[in-house]
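Worth saying up front: this structure is predicted, and the values here are computed from it rather than measured. Protein chains get the first letters and strands the later ones, always in sequence-line order, with residue 1 at the start of each.
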Protein chains: 2
Amino acid sequence: MFWHTIFMPHKTHTISELARAFDITTRTIRFYEEKGLLNPQRVGQQRRYTDADRVRLTLIQRGKRIGMSLQESQAIIEMYDPAQGNVEQLERLLDNVSERKQQLHAQMQDLKQMLTELDDVEKRCQQALNIVNKKEDN
Amino acid sequence: MFWHTIFMPHKTHTISELARAFDITTRTIRFYEEKGLLNPQRVGQQRRYTDADRVRLTLIQRGKRIGMSLQESQAIIEMYDPAQGNVEQLERLLDNVSERKQQLHAQMQDLKQMLTELDDVEKRCQQALNIVNKKEDN
DNA sequence: CGAAAACTTGACGTTAACGTCAACGTCAAC
DNA sequence: GTTGACGTTGACGTTAACGTCAAGTTTTCG
């Protein structure tokens, strides 16, 4: 009778469980479905989400944090999902992957530059504070 | 008579020169001004942009590439511009800088993770292609 | 069984970051 | 002296990524 609390190999989640887990609204989840980033199973009318959907949501959120649009995240998701077979498709996929990788490397460079520049700001700022402190010592 | 072509220490630019140089529209530049990210000098009605404005535009564009909003870029710009002196302000600035740095480091982690995952996809993809090629060898 | 809680599908609203268009000023060149 | 290139300020349009109701159905729980 309480099996589901003891053993649940492929537990599915309702939309609000997922929303809580990812700290987003149900509206957002449905919106992602509209845009083709998720397509959960249905039990009657209701949506049921598997771990695959959780993976996708994780990818989406990581994508957002690094400035990707939903479309870009969708492209990434489709790279993770094989769904293929055919040689041409594999080669196209390889091209897409290497293109994305290049872009991500470029983004790393931008990040590094901004970080070193912020380091500079920090140093100049601390020097200014040191000067003030020395004056106070006198 | 041709001094300006030989020696121009603080050349200013018109809006369309700037637009060409940064590959954006004049509308975009005026929009950034509206939002407080630029404030060029004026000669009569017309805007004149200095190298300081070019630096700001560079920061804005880099910010966009790493997924920052204009407001965030503005915050960064204000960190670059000292404009102050007072100790409290310096300490607040230091806090802001270190907060930004943390966020950027987190973003680097996200980028790295996405990169290694794309590496995985790439490898699996190449393995699949190798198998196909071996079959063709027979 | 009956009310509260959760789920559903619309439809319209909102914010950021510009695009687009109109209507007007100005200045050098033909 | 007018034409054409460039500049100006509005005002409204657009897209992405949701938020916010509304109005109805279904599940759950005492």
Side-chain angles (χ1 to χ4, degrees), chain A residues 1-5 8 11-50 53 56-78 110, chain B residues 1-2 4-5 11-50 53 56-78 110:
Chain A
M1 35 176 35
F2 291 107
W3 266 92
H4 62 289
T5 66
M8 30 192 180
K11 183 167 168 51
T12 69
H13 312 267
T14 71
I15 194 166
S16 58
E17 283 170 359
L18 207 63
R20 262 191 301 277
F22 282 86
D23 194 30
I24 56 185
T25 69
T26 60
R27 175 69 177 94
T28 299
I29 297 177
R30 294 200 191 91
F31 178 73
Y32 291 162
E33 183 176 348
E34 262 182 62
K35 293 291 165 177
L37 289 112
L38 302 173
N39 52 333
Q41 309 161 220
R42 297 277 180 146
V43 174
Q45 280 287 73
Q46 305 203 178
R47 299 168 170 82
R48 289 302 147 83
Y49 297 89
T50 72
D53 295 311
R56 284 165 175 232
L57 267 178
T58 305
L59 286 175
I60 293 171
Q61 293 204 319
R62 194 159 66 208
K64 293 196 66 174
R65 287 198 301 270
I66 64 178
M68 295 178 108
S69 69
L70 290 184
Q71 286 200 21
E72 290 174 311
S73 288
Q74 186 173 11
I76 297 276
I77 287 175
E78 283 164 8
D110 282 327
Chain B
M1 32 169 46
F2 291 108
H4 60 291
T5 65
K11 182 168 170 48
T12 71
H13 312 267
T14 70
I15 194 168
S16 58
E17 283 170 359
L18 208 63
R20 261 190 302 277
F22 282 85
D23 194 30
I24 56 186
T25 68
T26 61
R27 175 66 176 96
T28 297
I29 296 176
R30 294 201 192 91
F31 177 74
Y32 291 162
E33 184 175 350
E34 262 182 62
K35 292 292 163 174
L37 288 112
L38 301 173
N39 52 331
Q41 309 161 220
R42 297 277 181 148
V43 174
Q45 279 287 72
Q46 307 204 173
R47 297 166 171 82
R48 289 303 147 86
Y49 297 89
T50 72
D53 295 311
R56 284 164 175 235
L57 267 179
T58 304
L59 286 175
I60 294 171
Q61 294 204 319
R62 195 158 65 208
K64 294 196 64 173
R65 287 197 300 270
I66 64 178
M68 294 178 106
S69 69
L70 290 184
Q71 286 200 21
E72 289 174 311
S73 288
Q74 187 174 10
I76 297 277
I77 287 175
E78 283 164 9
D110 281 328

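One interatomic measurement links the two molecules: CG of B/L18 to C1' of D/dC6, which rounds to 15 Å at whole-angstrom precision. Regarding B/R48, its CZ atom lies at a distance of 9 Å from the C1' atom of D/dG7, rounded to whole Å. Across the protein-nucleic acid pair, A/E34 atom CD and C/dA11 atom P stand 11 Å apart, rounded to whole Å. The CG-P distance, from A/L70 to D/dC18, rounds to 5 Å in whole Å. A/I15 places its CD1 atom 16 Å from the P atom of D/dT27, with the value rounded to the nearest Å. Look at CE on B/M68: it is 16 Å from P on C/dA16, rounded to the nearest Å. If you measure from atom CD of A/E17 to atom C1' of C/dA6, you get 11 Å, rounded to the nearest angstrom. Whole-Å rounding puts the B/E33 CD to C/dC18 P distance at 15 Å.
Between the A/E78 side chain and the A/A75 main chain, no donor and acceptor come within less than 3.5 Å of each other. Counting only distance, with no hydrogens or angles, the side chain of A/E72 and the backbone of A/S69 share a donor-acceptor pair below 3.5 Å. For the pair B/E17 (side chain) and B/T14 (backbone), a donor-acceptor distance under 3.5 Å is present.
Here A/T26 does not reach the OP1 or OP2 of C/dA6: none of its side-chain N or O atoms lies under 4.0 Å away. One finds a side-chain N or O of A/S16 lying less than 4.0 angstrom from the OP1 or OP2 phosphate oxygen of C/dC7. OP1 or OP2 of C/dT8 sits under 4.0 Å from a side-chain N or O of A/R47. For B/R42 and D/dT9, the shortest distance from a side-chain N or O to OP1 or OP2 is below 4.0 Å. For D/dG7, the OP1/OP2 oxygens have a side-chain nitrogen or oxygen of B/T14 closer than 4.0 Å. Look at B/Y32 and you won't find any side-chain N or O under 4.0 angstrom from OP1 or OP2 of C/dA17. For the OP1/OP2 pair of D/dG19 and a distance below 4.0 Å, the side-chain nitrogens and oxygens of A/T28 include at least one atom meeting the criterion.
Here C/dT26 sits opposite D/dA5 as a Watson-Crick or G-U wobble pair (both hydrogen-bonding atom distances under 3.5 Å).
The environment of CD in A/Q61 is crowded: more than 12 heavy-atom neighbours from other residues, nucleotides or ligands sit within 6.0 Å.
In this structure, of C/dA16, C/dC18, D/dA17, it is D/dA17 that holds the atom nearest to the side chain of A/K64. Across C/dA11, C/dT8, D/dT8, the shortest atom-to-atom separation from the side chain of A/Q45 is found for C/dT8.
Using a 4.0 Å heavy-atom distance criterion, B/S69 is classed as a sugar-phosphate-only contact. A/R30 comes within 4.0 angstrom of a nucleotide base, judged by non-hydrogen atoms across all strands.
Comparing B/F31 and A/Q46 against DNA chain C, the residue whose closest nucleotide sits nearer the 5' end is A/Q46.
Closest approach of A/S73 to A/M68, counting heavy atoms only: OG-CB, 4.1 Å. A/L70 approaches A/L37 most closely through the heavy-atom pair O-CD2, 3.5 Å.
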